[in-house]
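Below is one structure, written out as structure tokens, with a few remarks after it.
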Amino acid sequence: MERDKGHKDTAYYHLPGLFEYYELYQAFLPLFHKHREYFYDWCEIGSIYGAPADCIWGGGRVGAGEHDPRDIWALMQEYRISARLTFSNALLEKEHLSDKKCNALCSLFEKSGAIRNGVIIYSDLLLDYLKLHYPGLYFVSTTTKVLTDFQQFMNEVNRDDFLYVVPDFRLNKAWDKWNTLTNSQKDKVEFLCNECCWFGCKDRQRCYEAVSRKNLGNDCPDYRCTAPDAENGYRFSKAMKNPGFISIDNIRNIYLPMGFSNFKIEGRGLGSALILEFLLYYMTKPEYQLHVREEIYLDNMLDLV
């Protein structure tokens, strides 16, 4: 049978923790390149995303990580991986655009060298500002926009501003709709694979707005999630049962043949031990998963707390 002309051969993963888990990637990336036989030959790393602590443009999660951004930039350039600044704060005002720390990060990461870097973004105000002042960056429309209406999502895809657009995870299995996209539209879609949030949640936007307020330094109470089993926090085993979960079998047997190739892994606030489990599940051949665990553990880079 002739292969579908839109069929993709490679899945590109967009991984969490650019600043938050620098030490983990400092150990993992050399292993990924030196021992490529440990990992599936059908996947690559498309980008690593995140934001440091005290970053008012940040969104999605409260940023963490105090490592020198110049070292992070250098590590990404060494392994030719795109770095993405997660600047998806939904509540930015004009006075926030002059923030020195965020502008310095954009100035540094705009100097892309071997590979181009990007920004994950919510605010059109910030988008217009960055396009003017840092034209070397590319832009990703964030899943924190909670675009559950398919036509609204497609309107976002059709905007020239964005190189990628991340739909709400509840659209992941809308097969009949995804089949209607052109190949160029499919190239812009980046699916969120491992969301653990309750599929029936109606407060997702409020949750993200609470994070935006915290990043701005506002004195506000923590958002209290009322979803079933919320008190247990994130569990990968629970995420796997989510109706929106995208497995490696889904990627290989459904999404790649349909012409989609970009897949986002969440986890900026989950801890490096769980991020490693994502790297093992999505990228590592089962017979080599113990090898990768041992290399990371013995390198003393994994925080198991």
Side-chain angles (χ1 to χ4, degrees), residues 7-50 65 67 71-84 113-117 164 190-196 234-240 245-258 260-305:
H7 187 288
K8 299 291 186 180
D9 295 313
T10 303
Y12 293 94
Y13 288 122
H14 303 276
L15 304 174
L18 178 66
F19 294 88
E20 298 88 342
Y21 306 120
Y22 169 78
E23 290 81 7
L24 174 62
Y25 289 116
Q26 193 178 29
F28 179 78
L29 293 179
L31 184 65
F32 181 70
H33 284 262
K34 182 179 180 181
H35 290 285
R36 198 60 179 84
E37 73 276 9
Y38 291 177
F39 304 94
Y40 296 121
D41 59 6
W42 50 265
C43 71
E44 295 287 349
I45 300 173
S47 73
I48 302 177
Y49 66 92
H67 203 86
D71 292 340
I72 295 169
W73 179 91
L75 182 68
M76 296 300 103
Q77 291 297 305
E78 179 180 357
Y79 291 100
R80 299 183 65 86
I81 295 172
S82 180
R84 292 182 180 177
I115 198 78
R116 193 178 178 200
N117 297 320
Y164 301 98
E190 185 179 310
F191 291 100
L192 177 58
C193 295
N194 61 328
E195 178 59 67
C196 192
Y234 188 98
R235 295 288 187 273
F236 194 23
S237 58
K238 186 170 72 172
M240 289 179 169
F245 179 72
I246 297 178
S247 68
I248 56 172
D249 288 339
N250 292 154
I251 291 171
R252 292 199 67 188
N253 299 322
I254 299 176
Y255 289 95
L256 290 177
M258 286 178 65
F260 296 98
S261 59
N262 289 286
F263 303 92
K264 179 175 183 176
I265 309 301
E266 79 162 21
R268 289 169 56 210
L270 298 179
S272 57
L274 194 47
I275 302 304
L276 177 58
E277 291 304 314
F278 299 153
L279 299 175
L280 293 170
Y281 173 80
Y282 281 106
M283 301 179 66
T284 312
K285 297 174 184 176
E287 63 269 29
Y288 291 113
Q289 290 182 1
L290 181 58
H291 293 69
V292 175
R293 279 195 183 94
E294 289 177 335
E295 289 283 352
I296 299 299
Y297 292 159
L298 294 176
D299 202 26
N300 200 28
M301 290 292 184
L302 189 67
D303 176 13
L304 291 174
V305 177

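- Taking all atoms of both residues into account, the shortest heavy-atom contact from Y49 to G267 is OH-N, 4.1 Å.
- A ring-centre distance under 6.0 Å is found for H14 and Y164.
- Rounding to the nearest 0.5 Å gives a distance of 10.5 Å between OH of Y79 and CD1 of I45.
- E44 contributes atom CD, which lies 12.0 Å from atom CZ of R80 (distance to the nearest 0.5 angstrom).
- Nearest approach of L24 to S272, heavy atoms of both residues: CD2-O, 3.7 Å.
- Relative orientation of the Y38 and H291 rings is tilted, given thresholds of 30° and 60° on the angle between their planes.
- Distance alone, capped at 3.5 Å, is enough to place a donor-acceptor pair between the T284 side chain and the L279 backbone.
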| Going through the distances and angles, do Y297 and L276 end up as a side chain to side chain contact (heavy atoms under 4.5 Å, CB included)? | CA-CA 10 Å; Y297 292 159; L276 177 58; 4.2 Å; yes

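- The two residues S82 and G46 have their closest heavy-atom pair at CB-O, 3.6 Å.
- Here the CZ atom belonging to R36 is positioned 11.0 Å from the CG atom belonging to L31, to the nearest 0.5 angstrom.
- Classification of the F236-Y282 ring pair by plane angle, with boundaries at 30° and 60°, yields tilted.
- Interatomic distance, I296 CD1 to Q26 CD, rounded to the nearest 0.5 Å: 10.5 Å.
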| request: Output, in order, the C-alpha distance, side-chain angles, deciding distance and verdict of side chain to side chain contact (heavy atoms under 4.5 Å, CB included) for F191 and I251. | output: CA-CA 10 Å; F191 291 100; I251 291 171; over 6 Å; no

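- Listed here is the closest heavy atom pair of A83 and M76: CB-CG, 3.9 Å.
- Taking the side chain as every heavy atom from C-beta outward, H35 and Y288 never approach each other to under 4.5 Å.
- Nearest heavy atoms, L192 versus E266: CD1-CB, 3.8 Å.
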| Audit row: E277, Q289, side chain to side chain contact (heavy atoms under 4.5 Å, CB included) steps and yes/no | CA-CA 9 Å; E277 291 304 314; Q289 290 182 1; over 6 Å; no

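- Ring orientation note: the planes of W42 and Y40 are close to parallel, at an angle under 30° on the 30°/60° scale.
- Within the 3.5 Å criterion, the main-chain N or O of I265 finds no donor-acceptor partner in the side chain of N194.
- Other residues, nucleotides and ligands contribute only 12 or fewer heavy atoms inside 6.0 Å of the OH atom of Y12.
- In this structure, L18 and R84 approach most closely via the heavy-atom pair CD2-O, 3.7 Å.
- Take S247 and apply the side chain to side chain contact (heavy atoms under 4.5 Å, CB included) test, not counting sequence neighbours, and it matches F245, D249, N250, Y281.
- Note: I275 CD1 to E20 CD = 9.0 Å, rounded to the nearest 0.5 Å.
- The closest side-chain heavy-atom distance from Y25 to I81 is not below 4.5 Å.
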| Given the rule in the side chain to side chain contact (heavy atoms under 4.5 Å, CB included) test, do L15 and Y21 qualify, once you have shown the distances and angles that lead to the verdict? | CA-CA 10 Å; L15 304 174; Y21 306 120; over 6 Å; no

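- Side chains of C43 and Y13 form a contact here, defined as non-hydrogen atoms less than 4.5 Å apart.
- Each of Y22, W73, F19 was scored for a ring-ring contact (aromatic ring centres under 6.0 Å, His included) with H67, with one residue passing: Y22.
- Proximity of the aromatic rings of F28 and F39 is defined here by a centroid distance below 6.0 angstrom, and this criterion is met.
- Salt-bridge annotation for E195 and K264: absent, with no side-chain N of the basic residue lying under 4.0 Å from a carboxylate O of the acidic one.
- Side-chain contact check for E295 versus V292: every heavy-atom pair is 4.5 Å or farther apart.
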